[in-house]
Number of protein chains: 2
Amino acid sequence: MGATASPVTMRTLAEKLGVSVTTVSNAYSKPDRLSPELRGQILATAKELGYCGPSAAGRALRSGRTDVCGFLFGGEIADAFADPYTIAFLAGLSESVERFGASVLLLRAPGEGDDDELQLLQRAAIDALVICSSTTEHPGMELLVQRGVRVVGAQQAAEGDWVAVNDEKAGRLIGKHLAKLGHRRVTVVVPGELPDEEPFEVAPEEIGAVAGAFAAERFRGLREKLPDAELRIVCAGWRPKQAGRAAAGFALDVQDRPTAIVAMSDLLALGVADAVRERGLRPGRDISITGFDDIPDAAAAGLTTIRQPATDKGRLAGRLAMDPDYPQRQITLPIELVVRSSTGPAPKR
Amino acid sequence: MGATASPVTMRTLAEKLGVSVTTVSNAYSKPDRLSPELRGQILATAKELGYCGPSAAGRALRSGRTDVCGFLFGGEIADAFADPYTIAFLAGLSESVERFGASVLLLRAPGEGDDDELQLLQRAAIDALVICSSTTEHPGMELLVQRGVRVVGAQQAAEGDWVAVNDEKAGRLIGKHLAKLGHRRVTVVVPGELPDEEPFEVAPEEIGAVAGAFAAERFRGLREKLPDAELRIVCAGWRPKQAGRAAAGFALDVQDRPTAIVAMSDLLALGVADAVRERGLRPGRDISITGFDDIPDAAAAGLTTIRQPATDKGRLAGRLAMDPDYPQRQITLPIELVVRSSTGPAPKR
DNA sequence: GTTGTCATGTTTATCGTTAAAGTGTATCGT
DNA sequence: ACGATACACTTTAACGATAAACATGACAAC
């Protein structure tokens, strides 16, 4: 009735049963430190009084653990989650984090000057942070680390924990494939922020800043296998349609169009393929297209791509995040070139 | 060096500046309660000492607020997030929750006997919980409410907070449309758990238990407008391919096949449409198909569907979740029948 | 001159839990 | 029969922050 929502705490239980609060606590977190009978009684009384386990706040404050793993992604949530790769990664992460009795907190990467976002990230109650976005460089990362948050990246680096693929090797695989097919004029489509919604050309030395270190690595590998090719780079935003427009503006509706387009993700590649077909061109014959990730749609679309184990990547990232004692802190996962119909010999002209 | 990570707290700042801890606290959470100069000093000192704002744990314990909104979804994360509707909802939710300076915590709905999942949900440090899954009925919901967590549903109910559409009306819209086109034999495809990976037929009175209350409501509306039609219900799992198999088994490869298939989501409808085309049948001519949600792919596929504002739904859910004073606690959003080419007159036979 | 109000702080008392150390009894090897 | 161990608890002391109430001086209103 008038009784305000009774705050049932461990103390309530302890008093009712005539035991110490610590014992109640142990009933939950250290079952082997009290007799099974007593533990049974405590749990039964808890159920009876409607006590639902140690309060997260109290536990977090005292023990320093929150059992929450942050998931940092760039850009808008709708864009990020539109990519099956991200979802597969998140699914793996969530699965493994769950095994440690923890949950995943969604966190948007703060923009350059965005102080609110930064605060949200800084103050977040998390034990660890998994970074899925293209860049591992983010404002305020050092503070997080200093705060004791384990940061796990998704790309290779000299220091820190990460689960990644060898992006340079991936670039080499694509480059070798295209070189063998005779391509000498290639346009690379990378993701990135579009200030005016318009795609723009990127200089090779700026590719890391625009699209992330992973793109720079892949480009390096590509260049290695196509040393004397004419390579251009276009930043195409995050969405497939934007990629289509970018391809149109910088690769399809130009004189001396490239014979191949290398997209940094399958999602972008599919957008490019659409634009190609709209112009009556045949992917793999008139122009070759490659993607990255090998999402399910890639197979259906016959897209040549690099397969990377997205779900495993997430799973391992979760493991590094939740288990500080896991020995191997830098993990490289295998990749594989999957050749389908979207690539073929460079047309002679 | 040997210095263990210094735990910089408000006290550190307070002592260094010779002010009270409360004042430091106020510098962060109640800026108008101290002079701007002092606040400036405090913040500057904070930066200098590497203090990154009030600890979430301490704040949560004392104030009772966590600035976290739970997002509860059913099934596997990969399945849930494969549906553009869910993502649009989540994007809206995330956007509005962010405006309140909070973040979103992913939580899986606990299965019947799954105690671990239940604990994860019960103990989660959240101020509010938004339920996106088909059912609002979940074990342990009362305890959450009792704990003071605001629960926001995504379907109509007599009590509690929700943001939803009128599902019965949606059913009527589809029913009326099909009735006018002369359909008298209709199979309804609903989502749900598949115990053996096999689709199965569902009795009308069980539809709520299998697929959720929303499906029952829609069926009721459908039945109202097709009073003397022959209606069958099939549970098809969560994925488009599963829906295709279900349609095959219960609607396409049977004698006296229905003239229309009503799917409870566009995702399922697209799976059905694929199965239909595989058999050389033409959607909208040989057999009519309807979906639900109006996801982007629906337009491309020419799918007749019910449009519902998924992102707005998420946004408003976030608002109800984070703002206990928001006056309207039960919100019905508009829907609209979008007729495309996947429906047409029932073929005579 | 008295009272009231405002701005700007401080003091005090927790929020609910767990780590660390301590207490008392039973069991065991020698 | 002795100290050593193990067990099953209890006591003590925080973890870091904020709500609520109280203090102080300035300034305005009457």
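Numbered from 1 within each chain, the chains take letters A, B, ... in sequence-line order.
Annotation: salt bridge (Lys or Arg N to Asp or Glu O under 4.0 Å) contacts involving residues 88-99 of chain B, sequence neighbours excluded, comprise A/Arg108-B/Glu98, B/Glu95-B/Arg99, B/Glu95-B/Arg315.
In this structure, B/Lys30 does not reach the C/dG9 phosphate: none of its side-chain N or O atoms is under 4.0 Å from OP1 or OP2. Under 4.0 angstrom from either OP1 or OP2 of C/dG9 there lies no side-chain N or O belonging to B/Ser20. For A/Thr23, no side-chain nitrogen or oxygen approaches OP1 or OP2 of D/dC9 to under 4.0 Å.
Comparing the axis of the opening five pairs of the helix from C/dG1-D/dC30 to C/dT30-D/dA1 with that of the closing five pairs yields an angle of 30°, rounded to 10°.
Interface residues of residues 34-51 of chain A facing DNA chain D, ordered by number: A/Leu34, A/Ser35, A/Leu38; criterion, heavy-atom separation under 4.0 Å. A heavy atom closer than 4.0 Å to some atom of DNA chain D occurs in A/Leu61, A/Arg62, these being the qualifying members of residues 52-69 of chain A.
Across all strands, B/Val24 comes closer than 4.0 Å to no nucleic acid atom at all (heavy-atom distances).
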Please write out each protein N/O paired with an N/O of nucleotides 21-28 of chain D under 3.5 Å, distance rounded to 0.1 Å.
none

Which side-chain N or O atoms in residues 153-161 of chain B pair as donor and acceptor under 3.5 Å with protein atoms at least two apart or in another chain?
| from | atom 1 | to | atom 2 | distance (Å) |
| --- | --- | --- | --- | --- |
| B/Gln155 | OE1 | B/Phe214 | N | 3.4 |
| B/Gln155 | NE2 | B/Ser134 | O | 2.3 |
| B/Gln155 | NE2 | B/Thr136 | OG1 | 3.3 |
| B/Gln156 | NE2 | B/Thr332 | OG1 | 3.1 |
| B/Asp161 | OD2 | B/Arg329 | NE | 3.2 |
| B/Asp161 | OD2 | B/Arg329 | NH2 | 2.6 |

Output a table of donor-acceptor pairs, distance under 3.5 Å, between side-chain atoms of residues 317-327 of chain B and any protein atom two or more places apart or on a different chain; print 'none' if there are none.
| from | atom 1 | to | atom 2 | distance (Å) |
| --- | --- | --- | --- | --- |
| B/Asp323 | OD1 | B/Asp325 | N | 2.9 |
| B/Asp323 | OD1 | B/Tyr326 | N | 3.4 |

Using distance only, find each side-chain donor-acceptor pair of residues 36-60 of chain A under 3.5 Å and give its atom names and separation, not counting sequence neighbours.
| from | atom 1 | to | atom 2 | distance (Å) |
| --- | --- | --- | --- | --- |
| A/Arg39 | NH1 | A/Ala27 | O | 2.3 |
| A/Thr45 | OG1 | A/Gln41 | O | 2.7 |
| A/Glu48 | OE2 | A/Lys16 | NZ | 3.4 |
| A/Tyr51 | OH | A/Gly53 | O | 3.1 |
| A/Ser55 | OG | A/Ala57 | N | 3.4 |
| A/Ser55 | OG | A/Gly58 | N | 3.0 |

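Not counting sequence neighbours, the partners of B/Asn26 by the side chain to side chain contact (heavy atoms under 4.5 Å, CB included) test are B/Thr22, B/Lys30, B/Arg33, B/Leu34. Residues satisfying the side chain to side chain contact (heavy atoms under 4.5 Å, CB included) criterion with A/Ala82, sequence neighbours excluded, are absent altogether. Take A/Asp114 and apply the side chain to side chain contact (heavy atoms under 4.5 Å, CB included) test, not counting sequence neighbours, and it matches A/Asp116, A/Glu117. Every residue two or more places apart in sequence or in another chain that forms a side chain to side chain contact (heavy atoms under 4.5 Å, CB included) with A/Ala80 is listed here: A/Phe73.
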